[in-house]
Trainee: 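So that we are looking at the same thing, I have put the structure below in structure tokens.
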Amino acid sequence: MKRRYSFPAHLTGAAVARTGDEMAGPALVLAGFALTGSAADASLLLAGVTVSSVLGGPVLGSLLDRAERPGRLLAATLALYAAGLTAVLAALAFFAVPAPRGRATPA
């Protein structure tokens with residue numbers, strides 16, 4: 001990387017990326033729970049995202065280190081991540097059986 005970014009620009013970009021990534025997990029759990037009514041099913045969604053991050057993170061890191069334009073590769077990867085989350089939520093909405101409305105939720 002020949003050109004260096006300023007620290008404020010790097011910090012802003014990292015904060016925005018980290019915030020979006022950290023908000024995806026709880027949002028997925030809440031959406032899964034709202035659509036299925038099962039905390040176990042909702043937590044399985046988060047576990048699936050976590051496992052994919054653990055397995056894919058090192059691979060993506062090595063690809064980014066070797067890429068000529070890592071910013072474009074990262075942008076494409078984040079777009080695929082967003083598309084994947086959207087597909088999971090759409091599948092949840094399509095296949096999930098909503099919990100009955102009058103049922104009391106466990107404390």
Trainee: Which atom pairs, donor and acceptor, lie under 3.5 Å between side-chain atoms of residues 73-87 and protein residues at least two apart or in another chain?
Mentor:
{"unit_1": "T77", "atom_1": "OG1", "unit_2": "L73", "atom_2": "O", "d": "2.7"}
{"unit_1": "Y81", "atom_1": "OH", "unit_2": "D21", "atom_2": "OD1", "d": "3.4"}
{"unit_1": "T86", "atom_1": "OG1", "unit_2": "A82", "atom_2": "O", "d": "2.8"}

Trainee: What's in the same ILVMFWY side-chain cluster as V16, cut-off under 4.5 Å, chained through other members?
Mentor: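 Members besides V16: none; it forms no cluster.
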
Trainee: Donor-acceptor pairs under 3.5 Å, side chain of residues 43-56 to any protein atom, not counting sequence neighbours: which ones?
Mentor:
{"unit_1": "S43", "atom_1": "OG", "unit_2": "A39", "atom_2": "O", "d": "3.2"}
{"unit_1": "S43", "atom_1": "OG", "unit_2": "A40", "atom_2": "O", "d": "2.9"}
{"unit_1": "T50", "atom_1": "OG1", "unit_2": "L46", "atom_2": "O", "d": "2.8"}
{"unit_1": "S52", "atom_1": "OG", "unit_2": "G48", "atom_2": "O", "d": "3.4"}
{"unit_1": "S52", "atom_1": "OG", "unit_2": "V49", "atom_2": "O", "d": "2.8"}
{"unit_1": "S53", "atom_1": "OG", "unit_2": "V49", "atom_2": "O", "d": "3.1"}

Trainee: Check side chain to side chain contact (heavy atoms under 4.5 Å, CB included) between A31 and all other residues, then give those that pass, not counting sequence neighbours.
Mentor: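 Partners of A31 by the side chain to side chain contact (heavy atoms under 4.5 Å, CB included) criterion, ordered by chain and then number, come out as L89.
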
Trainee: By the side chain to side chain donor-acceptor pair (under 3.5 Å) test, which pairs, at least two apart or in different chains, include something from residues 11-20?
Mentor: R18-E22

Trainee: Please say yes or no: joined through hydrophobic side-chain contacts below 4.5 Å, possibly via intermediate residues, are L64 and V59 part of one cluster?
Mentor: yes

